[in-house]
Amino acid sequence: MSIAKTYSPKDFEDKWYQYWMENDFFKSTPDEREPYTIVIPPPNVTGVLHMGHMLNNTIQDVLVRRARMSGKNACWVPGTDHASIATEAKVVAMLKEKGINKKDLSRSEFLAYAYEWKDKYGGIILDQLKKLGASCDWSRTAFTMDPALSEAVIDTFIHLHKKGLIYRGVRMVNWDPKGLTAVSDEEVIRKEVNQKLYYIRYEVKDPESEDGSPQSGSHISHLKSHYLTIATTRPETIMADSAICVNPNDERYTYLHGKTVFVPLINREIPVILDEYVTMDFGTGCLKVTPAHDLNDYELGQKHHLPVIDILNDNGTLNEKAEILIGEDRFIARKKIAKLLDEAGHLEKVEDYKSQVGFSERTDAAIEPKLSMQWFCNMAEMAGPALDYVNNGDVKLIPDKFINTYRHWMENVKDWCISRQLWWGQQIPAFYAPNGAVVVAKTAEEAIEQFNLTPQTRNLQPSDLKQDEDVVDTWFSSWLWPISVFDPSVCGNPEAKGNADINYYYPTNDLVTAPEILFFWVARMIMAGHEFRGEAPFKNVYLTGIVRDKLGRKMSKSLGNSPDPLDLIEKYGADGVRVGMLLCSPAGNDIMFDESSCEQGRNFANKIWNAFRLIKGWSLTPTLSEGEGATNIVAIAWFDARFNEALVEIESNFKSYRLSEALMATYKLVWDDYCAWYLEMVKPAYQQPIDQATYEASIQFFERILKVLHPFMPFLTEELWHDEVFGKREDKDCCIVAQVPTAQQTDEKLLKEIDVVKQVVSEIRNIRNSKQISPKEALKLAVKVNSDIDYNAYSNIISKLANITTLSRTDEKIAGAATFMASRDEFFVPLEGNIDIEEEKESIKKDIEYLNGFLKAVNAKLANERFVQNAKPAIVANEQNKKADAEAKIKILEESLVALG
RNA sequence: GGGUCAUUAACUCAGUUGGUUUAGAGUGUCACCUUGACAGGGUGGAAGUCACUGGUUCGAGUCCAGUAUGACCCACCA
C-alpha cells in the first residue's frame, strides 16, 4: 500500500467521522464505568459557527476524547437553544421580506412560521461541529423548546411561584422599543455616547402676577428670578415631567421652595420639590423629575407621590399624553423639541456631553426605561447556596481569577425580570379571570380549580380564561440545561428520584463556556441544580477567552474580521485548525487568533504524516552489524524513557487544564524527540534495511504517540492507526477508543547522559557551521573525560548523528583541534590547517568571561553571611555546586588557552 | 466614579507557594545546508533594563505600595 507524499486531510476526515458514528463510538449509556460528562453550551438555534464556537468546542472535544481514552464512560450532550429574542427577530425580519406583518398573524400562525424556520436552519450549526470532529452523542441532541424540556420550564415556574420566589409586579424595566419587549439588566449593553446636554428654562409661577399665567418667552429672559434652568440630555421627556427637584440645602434656590413652575411649550404646572438626592454641584442644581422615563426619577416620584406621565408608545414614539409631536420617534422628537424650545426662548444653551446609554444586546436599540407589569424571580434566596459552591471549591472556576467577579455578582444580585413580550418561547403559565384575578397553573383546567376556591371567580369555564401572552426569558429554560437534557421531569419536582441517566451523569464534570455568561447562565445553572438536585450541576467551569483578531479586536460579523471556520478547515484540515486554536489559547485569556497558527497545526500534521511514511518505507532484515545494533538498543531505551517523562508532564497539564501546554509538550515529544532525535538515531542508510527489533520498537512508539495525539488530532491519528504496519486490526479497534498509556518509571541517568550526547552532537554541527565544513565530510573526535559518563555506550550514536569516523579517548589536550565542553568533558575535533588559533582563543576567552561573570554572582551570594545563614541548606549546597562546576570549567578552559600558546 | 485582571524576545505565551547555572518555549527573522520521510524540511545564530518608580528581603520577573497603559465587570449624577 503506498501512501501520499503529503498530508491531505480531505482524503479521510469525513470518512472517519462517519465510521465513528456508524460504530456508535460517541454514544454513551450508563454502565459500571465512571462517567465523564459535558453538556454543550447550546448555541443559538439560528446561529452559524464562528471562531468562538470553534475554540469552545475544540476544547470540549479534547477533554471528552481524553476522558474516553482514560477508561471513562464519556458523554458529551449536544443541543441548541431557542434564543427567543434573537430568533423571533430573525423570523419577523424574514416575514417582513415576504410582506407579512407579525401583527397580522395569530400566535399559532406565527409559531408555525417560526418552527418552519427552525427546522430549516436549526441544524446547521450542529452539522458544522461535525466537521470539526466533535464527538457528541448525537442521539441525545436536545433543544430547549423540545416538549419535555418546555414542560420542565413550566413546572419550574409553577414550583418557584409556589415557593413565593416568582411574583408579578409593576417595575421599571429595560424596554427594547425595537424588539418590543422587556429585557433583563444583563442584556443591556452600556456604551459611551456623545450626546448634547440641553439647558432648559422653566418659568416660575409668579404669585404677584395677576392671572399667574406664564409670561411670554422674550420676557422671561429679562427677569432672572422668574425662571430656573435645568440640564437634561432628554428634552423630549419634559412633557412627562411631574416636578422639579432641588436640594433643600441649596441656598441658591431657597426662593423656589413651595413654588410651582410651568413645563415649557405645554405650560403644565408642576411643583418644585425638595430632596437631598439632587447633587448641588452637578448641572444647574435643578433636576427635572420624570417618573415614567427614568428609574431614579421613578423612585423619587414614588417617594414624593408624584403622578406618572408616560408619554411614549411601546415602539418609542410619542403618544397623546405628550400633547405635542405626537407620533414622532423619540430621537426625532428630541431634535424637533430642541428647535421649538429655542424658538420659544426656553433653550439657554447646549453643551456636548458624553454619557452612558444602554443598548439592547439583541437589537442594538437604545433601551427605554419603562414601567410595566412583569414577572420577576427572586434571586437573593437562591444566590446564597450558589455562592457557597464556588466559595468552598465544589465548583471550580478555571482560571480562578473569576471567583471575585462571581462573588461580587452573587452578593449584589437583583431580582430577575423573567417575562418577555414575545411569542417564541415557553408561554407563561398564568391565567387571568375576566375580573383580572390571576393564578399560576399548568393548564386552564387546573387554573379553574384554583379560581373555584374564591367566591368572586367561581364557576368559570376554560374559555373564560386568558393565558398570559408573554413567554419566559430564554435563560429561564437554559438554566435547567444540565438537568433537563437527562431528565426534564425532575425540574419543578425536587423530591423526584430521577431516571437512570440523571443519576448516572449528573452532576456533570466540566463546563466549557465564555466568561461573559458567567452570571446569565453559569450562576443560574448552579442555582437550578441546587434547587432540583441538591448539588451543583458541574465540578469545573473552564472559561475560555474571547477570540480576537491580530489587532485585538473582537471577531464579529459586523467588522468582517472573522475567518469562516469552515474555510479554515478546508484549507488546513480540521486537525490543523484544532491545533492552531489550542496553541494560542490559555484558559481565561482572550486569544489573539492568527491564521498562521493553523498553518503551524497543518505543518505539524504533515510532519507526523511523513515520519510515518519513513517508517512505513523501511524494509526488514533480521540481523544487524554490531555497531548499529548497539546504537539502536540505546536509542530505544532512551526514547522509552523520554516518552514516559513526557507522559507525566502531559498528564499533569491535563489535570490542571493547561491544554495548550499539554499540546506543546506533545508537539515537542513528536517533533523533537521522536522525529529529530530518535528516528535520526535508528534510521538506516538510504535503501538499507532495518532490523526487526528496532522496527517493531519504532512502530510501537508510533502507536503510543498516536494515542497521546488523538484528543488533539483525531482524524489524522485514526487514519494512521488503521494502516497495515500495525497489523490487522479488529473491527472496533480504533484510536478513538484506545487507552492512553500510563507513565512507567523512567531511566533518569540515561536521559541525562543522552542530553550530554545531544549537546556533543550540536557542538560538532556548530563547528561545521562556523567553519563551513559540509555535513558529508566525516570528522574525527576525541574526548578527555572528566565526568563519569561512559562514552563508549554512545559513540555509535554520536558518530551517526555528527558524521564522526572515530571517537577516541585522550588524556592530553590535542593541538590543532576545535574544542568544546559538554558536561565537564573536553572534546577535540582535529582540523589540521583549518584552525585559526586566534579565533579559538577568542572563543575560549569569551567562555571564560561568561563563566567568570557567573562565578562572581555565585561567590557574592556565598560570601554573604546572611545568605548562608538564612537560605535553605539545599539552596546553599546548590550554589556551592554551581561554584565548583564553574571553577572546574574555568580551569579546563584556561589550560586550553595555555595549550594554544 | 468603584472594582477585578493584565503588562516578560518582533508575535503568541510559560515561568507552580521568593533562590534550580546572570529569564524559557513555539512561531517569525537571519546565515548556512538539503536530489533518499518531510522546502509545509534540516543545522546553527541573533534577539528581553521581565511596563515604570519606590519598598520589604541575605536574595524579587515572582511579595507590598504607587504611577502609566490596556481589557473586562459594576455604578442613578440629570
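Below, chain A is the first sequence line, B the second, and so on; all start at residue 1.
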Take atom P in B:G19 and the same atom in B:G61, then report the distance between them in whole Å. 10 Å
For A:Glu599 and for A:Arg866, locate the closest nucleotide of RNA chain B by heavy-atom distance; then report the residue assigned to the nucleotide nearer the 5' terminus. A:Glu599
Contact class for A:Asn878 vs. all strands (heavy atom < 4.0 Å): base, sugar-phosphate, or nothing? sugar-phosphate
With a 4.0 Å cut-off on heavy atoms, is A:Gly617 in touch with a base, just the backbone sugar-phosphate, or nothing at all? nothing
When the P atoms of B:G66 and B:U16 are compared, how many Å lie between them, rounded to an integer? 24 Å
When you compare B:C5 with B:C64, how far apart are their P atoms, in angstrom units rounded to a whole number? 10 Å
For the C1' atoms, the ones on B:A31 and on B:G24, what distance do you get once it is rounded to whole angstrom? 24 Å
So is A:Arg642 actually on top of A:Trp671's ring, under 6.0 Å and inside 45° of the axis? no
Going by an N to O cut-off under 4.0 Å, is there a salt bridge joining A:Glu351 and A:Lys349? yes
Below the 4.0 Å mark, does B:G59 have OP1 or OP2 next to a side-chain nitrogen or oxygen of A:Lys872? no
For the pair A:Phe827 and A:Phe820, name the ring-plane relationship: parallel under 30°, tilted 30 to 60°, perpendicular over 60°. parallel
So the salt bridge (charged side-chain N to carboxylate O under 4.0 Å, His left out) pairs with at least one residue in residues 229-245 of chain A (sequence neighbours excluded) are A:Arg234-A:Glu236, A:Arg234-A:Glu368, A:Glu236-A:Arg334, A:Asp241-A:Lys288
Please report the distance separating the P of B:G54 from the corresponding atom of B:G45, rounded so that it comes out in whole Å. 37 Å
For B:A78 and B:A60, measure between their C1' atoms and round to the nearest Å. 49 Å
What is the nucleic acid contact for A:Phe604, judged by heavy atoms within less than 4.0 Å: base, sugar-phosphate only, or nothing? nothing
Classify the nucleic acid contact of A:Trp671 as base, sugar-phosphate or nothing, counting any heavy atom under 4.0 Å across all strands shown. sugar-phosphate
In whole angstrom, give me the gap between the C1' atoms of B:A14 and B:G59. 23 Å
I'd like the P distance from B:C32 over to B:U62, given in whole Å. 41 Å
Is A:Asn606 touching bases, backbone alone, or none of the nucleic acid, heavy atoms closer than 4.0 Å? base
Pairs involving residues 591-605 of chain A, ordered by first then second residue, that meet salt bridge (charged side-chain N to carboxylate O under 4.0 Å, His left out) (sequence neighbours left out): A:Lys550-A:Asp594, A:Lys571-A:Glu595
Identify, between A:Arg765 and A:Asn610, the residue whose nearest nucleotide on RNA chain B lies closer to the 5' end. A:Asn610
